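As the structure is a prediction and not an experimental result, all values here were calculated from the model. Along the sequence shown, residues are numbered consecutively beginning with 1.
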Amino acid sequence: MKSRPSLPSRGMLIYFTVCALAMIWPGALVANRIEPMIIGLPFFLFWYVAWVFALFVGLVIAYRHDAAQEVDDE
């Protein structure tokens, strides 16, 4: 019998909410400029690339945490 999937922790929910808000209002207002150029990208584009990378890292951590819990349950 399969168990119900667990909900993400409160910390992960807050983390993903902050990442999502940084990519829309009000985060986009902070980064809405061209200068400075970072790694050859305008700051606005770099802002989005950095937050997408941060979301990726968070998803990897959440996946590993969830996989470790499944191993412990077995």
Side-chain angles (χ1 to χ4, degrees):
M1 183 171 170
K2 289 190 175 188
S3 63
R4 295 177 68 194
S6 62
L7 293 174
S9 68
R10 181 174 288 170
M12 290 307 288
L13 288 174
I14 292 170
Y15 175 77
F16 288 117
T17 302
V18 167
C19 287
L21 288 176
M23 294 178 72
I24 55 175
W25 184 88
L29 295 176
V30 173
N32 193 11
R33 58 180 186 261
I34 295 174
E35 297 292 331
M37 297 287 278
I38 302 174
I39 314 173
L41 298 172
F43 185 71
F44 189 67
L45 185 58
F46 174 77
W47 179 266
Y48 277 97
V49 170
W51 282 108
V52 167
F53 182 73
L55 282 167
F56 169 74
V57 170
L59 284 172
V60 168
I61 292 169
Y63 174 78
R64 289 188 178 178
H65 179 71
D66 190 42
Q69 281 184 343
E70 284 183 12
V71 169
D72 290 343
D73 289 343
E74 291 178 1

| Side-chain (W47) to main-chain (N32) donor-acceptor, under 3.5 angstrom | no
| When Ile, Leu, Val, Met, Phe, Trp and Tyr are grouped by side-chain heavy atoms lying under 4.5 Å apart, directly or through other members, which residues fall in the same group as L13? | none
Restricting to side-chain contact (heavy atoms from CB on, under 4.5 Å), what partner residues turn up for [X], sequence neighbours left out?
| X | value |
| --- | --- |
| L59 | F16 |
| A54 | Y15, C19, W51 |
| V57 | F53, I61 |
| A28 | F44, Y48 |

In a table with atom names and distances, give each donor-acceptor pair under 3.5 Å that connects a side chain of residues 33-43 to protein atoms at least two apart or in another chain.
residue : atom : partner : partner atom : Å
R33     : NE   : E35     : O            : 3.3
R33     : NH1  : V30     : O            : 3.0

| field | Non-neighbouring partners of F46 that pass ring pair (Phe, Tyr, Trp, His ring centres under 6.0 Å), sequence neighbours left out | value | none
| request: State plainly whether one hydrophobic cluster holds both V52 and L45, where clusters connect Ile, Leu, Val, Met, Phe, Trp and Tyr through side-chain heavy atoms under 4.5 angstrom apart. | output: yes
